[in-house]
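Below: one structure, written as structure tokens.
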Amino acid sequence: MNVIQKIKDAKPLDVKAEQRNTEVKELKRMYTELSQKSAVSNNQFKLITGSALTPTPTSSRPTMEQMLTDAFCGNTISHSIITKVSQVASQIQWKAEVSTDGGVTWENEDGVLQASIDKPNSGMTANEFRVNAMIYLMATGNVFFTDKEEGDSIVKFKSDSEGIGDVHLLPSNLIQIRLNADNTIRQFDYNKNGCGIQDKFNPEEIAHLKFIDPSLIGHRSHLGISPLLACWNVVKASNNLTEADASMLQNKGVLGVMSNKNEVLGMSEPERQRMQDSTDELLGGASNFAKTLVSAVPIEYTSIGMTSADLQMIEGGVFKDRQICTAFGVSALSFNDLVASTMDNMKVATKKLYTDSAIPNNDVLIRLYSQFLIPKLEAKEPSKKFRVVQVTEDIEALQPDKKLKADTSSVNTSTILSIAGSNLPEAMKVKMISDIAEIDESDVEEYMKEMKPEPTPPEPTDDEGEPTDEPIE
């Protein structure tokens, strides 16, 4: 009986679950052996067994090591983007806050949570820790933390007087996730320093943060996705163009072929070698770049250099840089793309670097605290709530333009004074002024008193109304 017939003869769905599961596994194995030769489709298999085949998807996706090597270490623009965003994001202050009324009001927390933010572990500063974590997150889509060196879980309370233990960053490209048969995580294997010595971590000993990968591969692997994956072909093309550009002056390729124009008598080998030596002497080296030999003998030259289309492809590198910037959500103006680089456009690009990349990516790293560290603190102190927030008030690029703010303030003042002097109902005046000035209605009266200019004293005059220097009594 062939495999197709076995699949067709499979027992219906009313057989015992254990027997059916065994048969389905066997059928899937046979389906894999058939590969493309089988006439049984995934839908047919599901109709027969009640279970889709769902073969393990094949993918040409780059590995984390490839993304780090070819993109972060081997591509100028992606290295610049990841490095700059990581450095900018690390400069944004993180502040721990605590609430004792269920999250209604918050105040600064100067205890163990803030101490962990300021000094994640004894070997790294907060800036180093966050820059390195952000590089792994952006380059691979994944970042792994543990405190196993200090204890048995992601948070260890050393004593009643001490709080969170050291938190360590693990290289994403050296982590392998081991799965159970039901696709749950069994353990994390850490290839320590890439030397083959493996440390094994239980799932509760690792904090895994990632950019979500909604594809089937992402669900099965439990791994995140890097923005580099969306533009991987662009990164490879950019690297190829850079390599071609670098070799142009060094090698220049073969410019052409020289051959004897005499169809009857060809060159002997000694004559050809003398011609070769003379040509190399006249054309070889960077000083003779693209030079062509002129000969008094009947020699035919056939050009085989780069075409105009080839040159246009080389010049298209700037468009690939912009595509990579788009994948990371940043403006190419921030990375030396001088097209339309006016002062206003540069200000907008700098602001977007924060709002579209640095701040959202920081939110991912902050989940280390909100999902893994804070629950332990709140379990220890159930009457309190903790959170970690980004402090953006002191970032100059995110503040309103001073000139625009002054112009707006002038317009608002004129509008408010016009409303105050109008015949509108008093309640309507108060409502409109509070909206424009962005204050409470109860503060409008005091606000208007401050806005009214001091009355100018009258000029002193004598009895006949003429100006005088004597003060008015």
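Values in this document were obtained by computation on a predicted structure and should not be read as measured data.
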Where is the tightest heavy-atom contact between R130 and A89, given as atom of each residue plus distance?
NH2-O, 2.6 Å
Measure across S86 and M138 and return the closest heavy-atom pair with its distance rounded to 0.1 Å.
OG-SD, 4.2 Å
Just checking, any donor-acceptor pair under 3.5 angstrom between side chains of Q198 and N191?
no
Any donor-acceptor pair under 3.5 Å linking the side chain of T100 with the backbone of K384?
no
Let's go through D363 and R367 carefully: what are the C-alpha distance in whole Å and the side-chain angles of both, what is the deciding distance for salt bridge (charged side-chain N to carboxylate O under 4.0 Å, His left out) to 0.1 Å, and is it a yes or a no?
CA-CA 7 Å; D363 285 336; R367 293 209 302 265; over 6 Å; no
Can you tell me how far NE2 of H79 sits from CG of L68, rounded to the nearest 0.5 angstrom?
11.0 Å
pair L179-I177: side-chain heavy atoms closer than 4.5 Å:
yes
Would you confirm whether S99, through its side chain, and T105, through its main-chain N or O, come within 3.5 Å as a donor-acceptor pair?
yes
Ignoring hydrogens and angles, tell me if any N or O in the side chain of Q87 forms a donor-acceptor pair with the backbone of K84 under 3.5 Å.
no
Provide the closest heavy-atom pair for G224 versus N142 in the form atom of the first, atom of the second, distance.
N-OD1, 2.7 Å
Pairs flagged by ring-ring contact (aromatic ring centres under 6.0 Å, His included) wherever residues 215-243 is involved - sequence neighbours left out:
none
In Å, rounded to the nearest 0.5 Å, how long is the span from NZ of K347 to CD of E396?
9.5 Å
Under a 4.5 Å cut-off applied to non-hydrogen side-chain atoms, are V235 and I324 in contact?
yes
Verify, without hydrogens or angle tests, whether S357 (side chain) and L353 (backbone) share a donor-acceptor contact under 3.5 angstrom.
no
Less than 4.0 angstrom from a charged side-chain N to a carboxylate O is my criterion; do K95 and E97 meet it?
yes
For K385, is the NZ atom crowded, meaning more than 12 foreign heavy atoms sit under 6.0 Å from it?
no
Measure across R61 and Q66 and return the closest heavy-atom pair with its distance rounded to 0.1 Å.
O-OE1, 4.3 Å
For I366, run the side chain to side chain contact (heavy atoms under 4.5 Å, CB included) check against Q390, Q371, R387 and tell me which one passes.
Q390
For Q187 and D189, which I'm curious about, is there any donor-acceptor pair between the side chains at under 3.5 Å?
yes
Tell me whether K429 at atom NZ has more than 12 heavy atoms from other residues, nucleotides or ligands lying less than 6.0 Å away.
yes
What's the spacing between M64 CE and L228 CG if we round to 0.5 Å?
12.0 Å
side-chain contact (heavy atoms from CB on, under 4.5 Å) for Y190 and I206? Distances and angles first, verdict last.
CA-CA 11 Å; Y190 171 40; I206 291 288; over 6 Å; no
Does any non-hydrogen side-chain atom of V88 lie less than 4.5 Å from one of Q91?
no
Closer than 4.0 angstrom, basic N to acidic O: yes or no for D213 and R220?
no
Any side-chain heavy-atom pair of Y369 and L113 under 4.5 Å
yes
Keeping E381 on the side-chain end and S383 on the backbone end, is there a donor-acceptor pair under 3.5 Å?
no
After noting the C-alpha distance and the side-chain angles of F145 and L209, does the key distance pass the side-chain contact (heavy atoms from CB on, under 4.5 Å) rule?
CA-CA 8 Å; F145 303 95; L209 306 179; 3.7 Å; yes
With a 4.5 Å cut-off on side-chain heavy atoms, are S90 and F129 touching?
no
Looking only at side chains, do S238 and N75 share a donor and an acceptor under 3.5 Å apart?
yes
For the residue pair G141 and S226, what are the closest heavy atoms and their distance?
N-CB, 3.6 Å
According to the interplanar angle, ranging from 0 to 90°, do the rings of F188 and F144 count as parallel (below 30°), tilted (30 to 60°) or perpendicular (above 60°)?
perpendicular
Is any side-chain heavy atom of P227 closer than 4.5 Å to a side-chain heavy atom of F211?
yes
Is there a donor-acceptor pair under 3.5 Å between the side chain of S78 and the backbone N or O of A71?
yes
If only side-chain N and O atoms count, and only distance matters, is there a donor-acceptor pair under 3.5 Å linking N127 with T125?
no
Polar contact flag, side-chain donor to acceptor under 3.5 angstrom, D118-Q114:
yes
Any side-chain to backbone donor/acceptor pair from N180 onto N183? Under 3.5 Å, distance only.
no
Donor-acceptor under 3.5 Å (N121 side chain, G123 main chain):
yes
If only side-chain N and O atoms count, and only distance matters, is there a donor-acceptor pair under 3.5 Å linking R322 with S331?
no
Are any of the side-chain heavy atoms of I212 and I225 separated by less than 4.5 Å?
no
Report yes if the side chains of L223 and T140 come closer than 4.5 Å at any heavy-atom pair, otherwise no.
no
With sequence neighbours excluded, what pairs up with D110 under the salt bridge (charged side-chain N to carboxylate O under 4.0 Å, His left out) test?
none
Sub-3.5 Å donor-acceptor pair from the side chain of T355 to the main-chain atoms of K351, do we have one?
yes
Distance in Å, E65 CD paired with L174 CG, rounded so as to fall on 0.5 Å steps
7.5 Å
Could you go step by step and tell me if K210 and V143 meet the side-chain contact (heavy atoms from CB on, under 4.5 Å) rule?
CA-CA 6 Å; K210 61 185 178 182; V143 60; over 6 Å; no
Could you go through V391 and I92, starting from their C-alpha distance and side-chain angles, then the distance that decides it, and tell me whether this counts as side-chain contact (heavy atoms from CB on, under 4.5 Å)?
CA-CA 6 Å; V391 181; I92 301 175; 5.7 Å; no
For the pair K236 and D70, find out whether any cationic side-chain nitrogen is under 4.0 Å from an anionic carboxylate oxygen.
no
